[in-house]
Amino acid sequence: MGRAMDFKVATLLKASSGNKKLESVSSTIKADWSEFKCDVDGSVLLTKTDVGVWVSACLSAKIGRQCGNCLDQYVESIGLGIEEEYFPLVDLITGERNELEGSGEDNFYIGEDNVLDLSDVVLQYVSLHSSINSKCKDYCKGLCIDCGINLNKEKCNCRNNYKSTKLAALLESFRPAN
Ligand SMILES: [Zn+2]
Ligand SMILES: [Zn+2]
């Protein structure tokens with residue numbers, strides 16, 4: 001699954017800067033932080049820069065989620081506009097390891113096999129752009145606190161019974177004593 005969003009960029013890395021390559025994406029990836037899979041579709045424009053490859057991706061991601069309210073599974077659709085530069089770990093011409101300035105956690109690298117793997121950055125964008133509250137819909141009714149049924153799908157009488165009995169008892173208690 002980790003290889004689902006790989007692009008071979010050896011030819012592009014040998015080309016002069018400004019050269020472009022357009023790829024389309026349709027794959028499924030899996031995040032460590034989610035039990036659900038993520039379907040990704042769209043297009044990826046790869047442009048050779050002076051030092052690496054610039055990625056401009058226009059993707060739509062569909063990630064499975066569980067509603068925090070009614071516990072049902074649903075799919076959240078997220079539009080992703082990715083703009084990131086990838087740096088090659090190894091110089092393709094000389095075969096030497098590149099001394100990369102400011103190399104750190106925030107940068108993305110092209111592996112020694114000259115494969116650009118987009119899945120990490122896609123999952124980062126998905127986790128940043130997916131809504132914090134997992135709710136299957138704005139008007140999710142959730143679960144009945146008394147009998148546990150999903151109120152989006154079924155009705156129960158718990159509330160009504162509760163209301164009528166409690167209200168009756170309450171009214172009774174406020175009834176002025178004669
Ligand atoms: Zn729900
Ligand atoms: Zn109920």
Side-chain angles (χ1 to χ4, degrees), residues 1-7 21-47 53-86 104-111 115-178:
M1 254 318 180
R3 314 261 82 185
M5 294 196 76
D6 285 355
F7 302 102
K21 193 180 177 192
L22 185 64
E23 302 265 11
S24 61
V25 175
S26 181
S27 51
T28 302
I29 48 179
K30 174 92 176 60
D32 297 337
W33 41 263
S34 170
E35 58 182 303
F36 300 109
K37 288 172 188 166
C38 182
D39 291 322
V40 183
D41 291 281
S43 58
V44 178
L45 182 65
L46 305 169
T47 306
V53 173
W54 189 272
V55 172
S56 300
C58 185
L59 304 171
S60 110
K62 292 186 172 68
I63 180 136
R65 303 195 63 175
Q66 185 179 38
C67 178
N69 221 17
C70 70
L71 308 181
D72 243 16
Q73 291 184 10
Y74 68 101
V75 173
E76 183 178 4
S77 296
I78 307 160
L80 304 176
I82 296 173
E83 299 288 340
E84 296 285 353
E85 189 168 22
Y86 277 68
E105 299 270 305
D106 295 339
N107 292 331
F108 298 102
Y109 299 105
I110 300 163
V115 165
L116 190 158
D117 180 3
L118 207 62
S119 54
D120 281 349
V121 74
V122 167
L123 290 173
Q124 271 188 28
Y125 273 66
V126 167
S127 77
L128 278 174
H129 292 90
S130 59
S131 52
I132 295 159
N133 297 317
S134 55
K135 219 174 178 191
C136 63
K137 45 185 173 255
D138 286 341
Y139 47 91
C140 172
K141 293 175 186 148
L143 302 175
C144 172
I145 49 166
D146 291 312
C147 70
I149 68 156
N150 185 337
L151 294 169
N152 298 314
K153 295 174 179 170
E154 291 174 78
K155 275 182 183 162
C156 63
N157 283 314
C158 300
R159 288 286 163 95
N160 291 338
N161 292 341
Y162 181 79
K163 259 186 209 154
S164 53
T165 53
K166 284 282 177 177
L167 194 64
L170 198 67
L171 287 175
E172 195 65 32
S173 71
F174 282 105
R175 194 186 292 258
N178 289 329

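Remember, it's 1-based here, ligands and their atoms both numbered in the order they're listed.
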Could you grab the protein N, O or S atoms closer than 2.8 Å to the Zn ion (ligand 2) for me? Cys144 SG, Cys147 SG, Cys156 SG, Cys158 SG
Any side-chain heavy-atom pair of Val55 and Val121 under 4.5 Å: no
Using a 3.5 Å cut-off and no angle test, enumerate the donor-acceptor pairs between side-chain atoms of residues 133-143 and protein atoms at least two apart in sequence or in another chain.
from: Ser134; atom 1: OG; to: Gln66; atom 2: O; distance (Å): 3.1
from: Ser134; atom 1: OG; to: Gly68; atom 2: N; distance (Å): 3.4
from: Lys135; atom 1: NZ; to: Asp138; atom 2: O; distance (Å): 3.4

The criterion is ring pair (Phe, Tyr, Trp, His ring centres under 6.0 Å); which residues satisfy it with Phe7, sequence neighbours excluded? none
Taking side chain as C-beta onward, heavy atoms only, is Cys38 less than 4.5 Å from Val126? yes
For Glu154, all residues meeting side chain to side chain donor-acceptor pair (under 3.5 Å), sequence neighbours excluded: none
Which angle, to 10 degrees, forms at the Zn ion (ligand 1) with SG of Cys67 on one side and SG of Cys70 on the other? 110°
To the nearest 10 degrees, calculate the angle at the Zn ion (ligand 1) involving SG of Cys136 and SG of Cys140. 110°
Atom CG in Asp39, atom CG in Leu59: separation rounded to 0.5 Å? 12.5 Å
With side chains defined as the heavy atoms from C-beta onward, is the minimum distance between Lys153 and Asp72 less than 4.5 Å? yes
